Amino acid sequence: MDQLTIERQAPVIAQYDAVVCGGGPAGWVAAVSAARNGCRTALIEKMSYLGGTPTAGLVDPISGGYHKGKRVLGGVGWEFVERLVAAGAGQVELPKGHVSFDPEYYKLLAQRMVLEAGVELYTNTVVSACQMADGRVTHVLIESKDGLQALAAGTVIDATGDGLVCRRAGVPMQVSAGGMQPMSLCFLLRNVDVTTALLRDHIHHTGLHGQSKHMGIYHALQRLAEQGEDVPQFGGPWFNSTMQEDLICVNITRAAANAADRAQLTQAECRMREDAYKLVALLRKLYPEFAKASIAEIAAQGGVRETYHIRGLYTLSGADILGGAPCADGVAFCSHPVDIHSAQDNTQTAQYFDTPCPVPYRVMVAAGFDNLIAAGRCVSCVDEAYASMRVQGTCMAIGEAAGVAAAMRRETGCAVTAVNTDDLRARLQKQGAIV
């Protein structure tokens, strides 16, 4: 392959105590947390709005906030939920505790909370590289309509999902031994009759109504496929409330791909966009509830379940999750079942556990990288552990811990790998987090 050498200059346009890369559930919460703890904070997001998976990906509801009827999410993430509910744009589906939400209001409220905290927001901006010196990320390079620019950084929080900054910095990475879980491309469906037994109770994931009737739809689609009908690969399906009468969020498409690879991501998203229309046509044919349904919006980006994880000071394992063992440096909780989607077919497995598992701070940082913190689904975990911790509520809690750790580094000058985790946990508890 031919190589092209390009030399460019990037003006350093600002200096921050904390530079957060990625505005999804972990990233925007990390930015709020860092700013509220005294950091001059920048938040970089490739879209024109915040939210990531729940907004650009239309993944609804928020999961991971409750375990067996007991709330395990507090702090900034729970404040956000309470503000959603107060505005009529969210509903906590007890006792399971999934949070249905209006995706558009999610964008607005996340934006409000970030700006209220004093975060400097860089939307329509991508992270292209980072500058390293002596185990530190000194600068984050960004690309926007203003061209190539650099931000000087005290601490960098990688909340890109794919571990983009960590990979650019040279942090050792790992993938699940079982292979990456598949993507989905969610969409909004209008003119759906949600008053019948098929959907009325089961767009609200309370757990009060027995086995979801969505499984009947799964089996009907399977039968069509076995009869030779053109049925695309699918998962679920899951139908979710958007807090609007006849507009529901649908999670049904499925594609195996490494979403951190541009070509694979393009191919998968193109295929799933075609599949969405095929699957809606089948639903209209099979069920009167969908007879007048049409797609109102397809997500701006695929819902990525898994790509890369850092190799941190500790790697959270399936045994940790299923055993629920306590740890001295826990900063969040895994409460969601071990939820594994097959990349090869339409199947899914779910394992439930008795005790919520603490997420140790050690999974967020890597040896030899003094000012780089991973937050969200790129933290150090594999297999069953990742299948539980990847959900939004857990990622929010991890993001809040990352923001406090960045503030502690600013105050003490210590490496992020040497943060006093007793103090970190105490500060998290003081601001309402559950650790």
Side-chain angles (χ1 to χ4, degrees), residues 25-26 53-54 57 59-68 72 96 98 161-163 173-186 205 207 211-212 214-215 217-219 221-222 232-240 250-260 264-265 268 272 275 302-310 315-325 332-357 359 363 376-395 398:
T53 295
V59 177
D60 192 342
I62 300 169
S63 297
Y66 275 76
H67 185 269
K68 293 189 173 182
V72 295
K96 281 199 170 182
H98 302 295
D162 300 323
M173 307 300 289
Q174 56 187 328
V175 295
S176 170
M180 294 178 182
Q181 293 198 45
M183 301 170 56
S184 292
L185 186 64
C186 297
H205 301 276
Q211 185 179 36
S212 171
H214 301 174
M215 288 304 298
I217 298 176
Y218 171 90
H219 292 304
L221 291 172
Q222 284 285 76
Q233 186 180 358
F234 66 92
W238 298 272
F239 303 100
N240 308 293
V250 182
N251 183 343
I252 189 171
T253 63
R254 179 177 286 186
N258 178 356
Q264 291 190 45
L265 179 60
M272 288 189 292
D275 290 350
V304 179
R305 289 189 175 88
E306 183 174 19
T307 53
Y308 295 104
H309 318 286
I310 69 166
T315 296
L316 197 66
S317 71
D320 292 326
I321 292 289
L322 297 173
F333 280 106
C334 287
S335 62
H336 195 68
V338 175
D339 182 17
I340 299 177
H341 300 249
S342 171
Q344 284 71 48
D345 54 34
N346 302 329
T347 60
Q348 172 194 6
T349 61
Q351 287 181 276
Y352 294 82
F353 42 89
D354 292 331
T355 305
C357 173
V359 178
V363 306
R377 62 180 174 83
C378 60
V379 302
S380 185
C381 59
V382 292
D383 301 315
E384 293 95 342
Y386 176 74
S388 173
M389 67 73 48
R390 63 182 172 82
V391 296
Q392 295 173 42
T394 306
C395 288
I398 291 171

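None of these values were measured; they are calculated from a predicted model. Basis for what follows: all heavy atoms, side chains included, without hydrogens, waters or symmetry-related copies.
Scanning for ring pair (Phe, Tyr, Trp, His ring centres under 6.0 Å) contacts around Tyr308 gives an empty result, with sequence neighbours left out. By the side-chain contact (heavy atoms from CB on, under 4.5 Å) test, Ala256 is found to be paired with Ala343, residues two or more places apart in sequence or in another chain being considered. Residues satisfying the side-chain contact (heavy atoms from CB on, under 4.5 Å) test with Cys378, not counting sequence neighbours, are Asp158, Ala374. Not counting sequence neighbours, Phe333 has no partner by the ring pair (Phe, Tyr, Trp, His ring centres under 6.0 Å) test. When the ring pair (Phe, Tyr, Trp, His ring centres under 6.0 Å) test is applied to His341, the partners found at least two apart in sequence or on another chain are Trp238. Contacts of His98 classified as side chain to side chain donor-acceptor pair (under 3.5 Å), with partners at least two apart in sequence or in another chain: Ser63. Legend: residues meeting side-chain contact (heavy atoms from CB on, under 4.5 Å) with Thr349, ordered by chain and number and at least two apart, are Ile340. With sequence neighbours excluded, the residues satisfying side chain to side chain donor-acceptor pair (under 3.5 Å) with Gln348 are Asp339. Contacts of Ser184 classified as side chain to side chain donor-acceptor pair (under 3.5 Å), with partners at least two apart in sequence or in another chain: Asn251, Arg305. Residues meeting the side chain to side chain donor-acceptor pair (under 3.5 Å) test with Thr307, sequence neighbours left out: Asp162, Arg377. Not counting sequence neighbours, the partners of Gln174 by the side-chain contact (heavy atoms from CB on, under 4.5 Å) test are His309, Arg311, Thr315, Ser380, Val382.
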Inset, instruction - Evaluate side chain to side chain contact (heavy atoms under 4.5 Å, CB included) for Asp275 paired with Phe234, printing each intermediate quantity in order. - result: CA-CA 9 Å; Asp275 290 350; Phe234 66 92; over 6 Å; no
Legend entry - Ile252/Ile217 under side chain to side chain contact (heavy atoms under 4.5 Å, CB included): CA gap, chis, key distance, verdict: CA-CA 11 Å; Ile252 189 171; Ile217 298 176; 5.6 Å; no
Inset, instruction - Applying side chain to side chain contact (heavy atoms under 4.5 Å, CB included), run through His336 and Thr394 and close with a yes or a no. - result: CA-CA 9 Å; His336 195 68; Thr394 306; 5.7 Å; no
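A donor-acceptor contact shorter than 3.5 Å is absent between the side chain of Ser335 and the backbone of Pro356. For Gln264 (side chain) and Ala257 (main-chain N/O), no donor-acceptor pair under 3.5 Å exists by modelled atom type. Between the Glu306 side chain and the Gln181 main chain, a donor and an acceptor come within less than 3.5 Å of each other.
The minimum heavy-atom distance between Gly64 and Val72, with the atom names listed, is O-CG2, 3.8 Å. Leu185 and Met272 make their closest contact through N-SD, 3.5 Å (heavy atoms, listed as atom of the first residue, atom of the second, distance). The shortest non-hydrogen separation linking Pro237 to Tyr218 is CD-N, 4.0 Å. Across all non-hydrogen atoms, the minimal contact from Lys96 to Tyr352 is NZ-OH, 4.4 Å. The two residues Lys68 and Asp354 have their closest heavy-atom pair at NZ-OD1, 3.3 Å. Between Gly302 and Met183 the shortest heavy-atom distance is CA-CE, 3.9 Å.
Distance check, rounded to the nearest 0.5 Å: CD1 of Ile321 to SG of Cys381 gives 8.0 Å. Atom OG1 of residue Thr355 and atom CG of residue Leu322 lie 11.0 Å apart, to the nearest 0.5 angstrom. Between the CG atom of Leu316 and the CD atom of Glu384 there is a distance of 10.5 Å, given to the nearest 0.5 Å.
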